[in-house]
Structures are given as structure tokens and as C-alpha cells.
Amino acid sequence: MTGIRVRFAPSPTGYLHVGGARTALYNWLFARHHGGVFILRIEDTDVDRSKPELTTAILRSMEWLGLTWDEGPILQSERLARYRAMAAELERLGHAYACFCSVAELQARRAQAEAERRAWKYDGACRHLSEAERASRRAAGEPFAIRFRVPEAGKTSFDDQVFGHIEIENTDIEDFVLLRSDGHPTYHLGVVADDLDLRVTHVVRGADHLSNTPKQILMYQALGAPTPVFAHLPLILGPDRARLSKRHGATSVEAYREQGILPEALVNFLALLGWTPPGGKEIVPIEEMVREFELSAISKSNAVFDPEKLAWMNSEYLRTLPVERLLPLVEEELHNAQMRPAVGERIQNSEFRIQDEDRSRFEAAVRLLQSRTRTLKDFSGAFRAFFSDEYEYDPEAAKKFWKDASLPALLTALAERLAGIDPFDRQETEKALRLLAEEKAVKAGLLINASRVALTGQAVAPGLFEVMAVLGRRRVVERLLRAAERLRA
Ligand code: GLU
């Protein structure tokens with residue numbers, strides 16, 4: 001396939017949520033797979049609900065995910081004249097008409113229909129007005145909307161790339177509004193005008209738009225224009241099989257970023273919400289996705305958003321991330337958590353910034369922790385003691401491993417031994433600890449577990465002697481003494 005042009009068209013009435021991000025991703029993958037063009041369009045004609053800062057936030061989230069666009073962002077709010085011209089064109093062609101029904105009148109008629117248990121669709125009150133009457137009411141300055149004149153007979157059908165053949169009786173479609181009385185376009189008018197002008201070849205969007213498609217097809221037909229190919233994406237459900245919503249927890253891309261999820265992991269996770277790569281692999285690098293992605297492989301069954309799976313995927317990506325890419329992410333995380341550097345000397349204004357001489361120790365700590373990382377948050381959370389002197393002792397860990405009454409004296413003795421060994425590395429620290437245990441006739445495990453809590457605040461951490469080597473002599477000695485003091489108190 002050549003000349004593929006697709007678009008992602010979010011409305012800036014909220015942040016980029018995972019459903020939108022998946023739509024963007026599928027469009028992006030499809031475009032990249034076929035060497036096509038990916039267009040970004042901002043559907044901001046709803047003046048009351050659209051906010052420019054949300055547009056900025058959406059662009060930021062897309063950039064963070066790596067979903068680069070080739071054209072746009074095109075703002076619908078800058079194209080109002082074009083939409084009015086298209087409404088006028090449809091009217092001129094006899095496919096649209098001015099409707100003078102006010103909102104209040106429409107509401108009353110709808111209420112009446114509901115009271116009589118009749119399904120409501122626009123009753124066509126203005127459809128059959130004479131041209132003369134329309135003209136005179138317009139001339140008198142009566143407000144009016146422009147409605148599409150849906151054919152009275154026949155069917156509208158299309159072959160959706162995901163949902164297959166879809167057909168609907170035109171009598172089931174109401175004469176929908178194209179242009180509101182305030183001159184603003186409805187979603188349908190904006191979409192069709194833009195998709196035509198942008199020469200969009202494939203419309204890939206959420207299944208919640210399936211019922212909009214026949215209306216849009218009728219508009220293409222009325223304009224004598226070719227219709228794009230449609231592919232609707234399955235709904236995303238929460239683990240309880242209800243449609244994914246805020247109730248299920250974080251739904252915005254930004255929130256996952258804040259939770260320490262890697263963009264690579266989120267992209268991989270979103271890709272599998274409706275698409276199965278050949279061979280059913282779970283971890284699929286982006287280049288492979290681009291190579292393999294096909295609209296025909298998208299499932300129409302609802303996809304289930306499983307946060308546990310995302311957490312797993314994130315840890316998989318974190319484990320294998322090249323350390324050069326991980327280091328700046330950790331630095332950013334520590335900076336955002338406003339931690340004071342412990343790796344080297346204190347730096348003014350308490351912001352976490354690694355100085356050159358601390359680099360190797362910082363890198364060693366990150367390397368040591370990488371395989372145990374679930375999210376970037378771990379670096380300011382459970383792994384905090386590797387990057388800051390300000391950390392807490394986990395009460396459970398202290399309760400379990402600081403029971404023995406001989407520990408204050410033992411930890412002090414260990415600190416004294418470690419102060420004098422050379423070099424201060426994994427082997428020598430281990431030798432010193434085991435020797436001391438032997439001399440004092442205690443189990444090495446007692447000292448190891450108690451020291452681990454003293455040095456990291458945690459019951460579980462990488463091997464104690466690796467931890468010691470990474471923290472360095474001064475910090476290890478200080479921390480052991482601090483713990484001994486605390487145990488004496
Ligand atoms: N602005 C619409 C939405 O956010 C876009 C629908 C479409 O792609 O046609 O759902």
C-alpha cells in the first residue's frame with residue numbers, strides 16, 4: 001500500500017488517556033509500516049470544554065511516547081471558515097437545510113416522545129419548509145442551524161477493517177446537525193471536512209465512533225467524494241470488565257509517567273490492547289511492531305487493561321534498558337523527588353544533581369539495583385538509601401532483624417573493623433564481617449541481616465557486600481554507628 005495518510009484527532013478536553021494513546025499508536029504504527037504520513041489534528045471546536053493547556057499536555061505525552069507526527073498539529077479552531085463553507089456547499093447541493101428549531105423546542109419534543117415511549121430522533125420539522133419560508137425566516141434574522149438531509153430510503157454500509165461489513169437503514173439515521181446556530185461546526189462536519197482536505201486514506205479510531213461512521217459516509221457521498229477506509233478499535237475495559245474509567249485508577253499517560261513507567265513499556269503494553277503480534281510474543285521492540293503491524297490483525301473483542309501486566313512489562317523493560325538510558329531517568333526521578341544527594345557531597349539548594357566525581361558511584365548503585373527495579377519510583381522509594389542519607393528504617397525489617405541484644409556492640413565493632421580495611425571492596429568487607437562473627441561466636445547471618453537494615457533501611461536488598469562497596473567506607477561506617485546508637489537508645 002502506498003500513499004497512506006492517517007490522523008490522530010484528540011479533543012483537548014482532557015489529558016491524553018490510554019485509549020487515545022492506543023489509537024495514536026495504531027495510527028502511527030500503520031503509517032510507519034507503510035511509509036505513510038501520520039497527521040496530528042486537535043479537535044478544539046468545543047469552546048467551552050477545550051483548553052489550550054490540554055493541547056500542550058497531549059503533545060507532551062505523545063512526544064514522551066515517541067509518537068512523532070509528520071503533519072500538524074492542525075487546529076480545528078483555525079478552520080471555522082472552511083467548515084461553514086462546506087455546510088453551505090452541502091446546502092447548495094440540496095443535502096442540507098436550515099433548521100430553525102430552538103434548543104428549548106427540541107427538548108420539549110424529545111421529552112414528549114420519551115413520555116410516550118417513542119424513540120426520539122429529530123422529527124424533520126424543518127426538513128420540508130419551502131425555500132421561500134426558509135429565506136424569509138433567515139432574512140428576519142431568526143437563528144438557525146444547518147442539518148444534513150439524510151436520504152429517506154436505502155441503506156448505508158461500509159466494510160470496517162476490524163468489525164467487518166456494517167449496514168444501517170437510512171431511516172434509522174436522523175437529520176443530524178452540521179453547523180450550530182452559533183456558527184460552530186459539529187464533530188461530524190469538522191471531521192469530514194478535515195479528513196477530506198487532509199486526504200486521509202484510513203480512519204483508525206475507537207469503536208465508540210462506529211455509529212458515527214454511516215453519517216460521515218453519507219456526507220462523503222453527498223459531496224461526491226471517495227470515502228476513506230475505516231478501522232475501529234475495540235473498547236478497553238478495566239480488570240472488572242467494565243469500560244475503563246477513572247474508577248479503575250490512573251488512565252492518563254501523564255499519570256503513568258509520574259508513576260515511573262517507561263514510555264517503551266507503556267507503548268508495548270498499549271500495542272497489545274487489541275493487536276496480537278505474530279507468534280503471540282509479549283515483549284515486542286518498537287521496530288518489530290512497525291515491521292509486523294497490520295490492521296487485519298486487530299481483534300474486535302474488547303481488550304482488558306491489566307495494570308499488573310503493565311507493571312511486569314515495565315520491570316522487563318527496566319531490566320534490559322541500556323544503562324546509559326537508565327541513568328538520566330533515575331537522575332530525573334531523584335530530582336523530581338527533591339532528594340538530597342548522598343552519593344557525594346551535599347550540594348546547595350537540596351536538588352539532586354550528580355557531580356562528576358560522584359558519577360561512578362551513582363552508576364554502580366544504579367547497575368546494582370537495575371535488575372530489581374519495577375518502576376522508576378523505586379529509586380526514590382525502596383532504593384532511597386542508595387541515593388540519600390535521609391531514609392527510614394522499615395519497621396517490619398527492624399522488628400525482625402534488630403532483636404538481638406548484642407547487636408549494638410556488634411554493629412559498633414563491625415564499623416570499627418570496616419573503618420580500617422583496605423581496599424574497601426566486596427571481598428574485604430565480607431572477610432572482615434565473617435571474621436568478626438567468628439571471633440564473637442555469632443552467626444554471620446545475624447550481622448548481615450542487621451547491617452542490611454542499617455545500611456538500606458530494608459530487609460531485602462542486593463547482596464550486602466556489594467551494597468557496602470557501592471555505598472563506600474564513610475557512609476557504611478556512619479550508618480552502622482547510627483544504627484548501633486539507635487538500638488542502644
Ligand atoms: N475528537 C474525536 C475523539 O477524540 C476524534 C474522532 C475521530 O477520530 O474521528 O474521539
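Order of listing sets the numbers, starting from 1, for every ligand and every atom in it.
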Q. Should the pair His232 and Phe230 be assigned to parallel (<30°), tilted (30 to 60°) or perpendicular (>60°) ring geometry?
A. parallel
Q. Is the Phe269-Phe305 ring centre distance short of 6.0 angstrom?
A. yes
Q: May I ask whether Arg7 places a heavy atom under 4.0 Å from ligand 1?
A: yes
Q: Apply the test side-chain contact (heavy atoms from CB on, under 4.5 Å) to residues His17 and Leu244: give CA-CA distance (whole Å), side-chain angles for both, the deciding distance (0.1 Å), then the verdict.
A: CA-CA 10 Å; His17 56 86; Leu244 189 70; over 6 Å; no
Q: Output yes when Glu258 and Lys377 qualify as a salt bridge under the 4.0 Å nitrogen-oxygen rule, no when they do not.
A: no
Q. Which ligand 1 atoms, with their elements, are less than 4.0 angstrom from a heavy-atom of Arg205?
A. 7 (C), 8 (O), 9 (O)
**Q.** Donor-acceptor pair between Thr156 and Asn170 side chains, under 3.5 angstrom
**A.** yes
Q) Would you call Asp195 and Arg41 a salt bridge, using N to O less than 4.0 angstrom? A) yes
Q: Name the closest protein heavy atom to atom 5 (C) of ligand 1, giving the residue it belongs to and the distance to 0.1 Å.
A: Ala9 O, 3.2 Å
Q: Output the list of atoms in ligand 1 that are nearer than 4.0 Å to some heavy atom of Tyr187, sorted by atom number.
A: 6 (C), 7 (C), 9 (O)
Q: Mark the output for Phe8 as yes if a heavy-atom distance to ligand 1 is under 4.0 Å, and as no if none is.
A: no
Q: Can you sort out which atoms of ligand 1 are near Glu43, meaning under 4.0 Å from one of its heavy atoms?
A: 1 (N), 2 (C), 5 (C)
Q: Measure the distance from atom 10 (O) of ligand 1 to every protein heavy atom, then report the residue, atom name and distance (to 0.1 Å) of the closest one.
A: His209 NE2, 2.7 Å
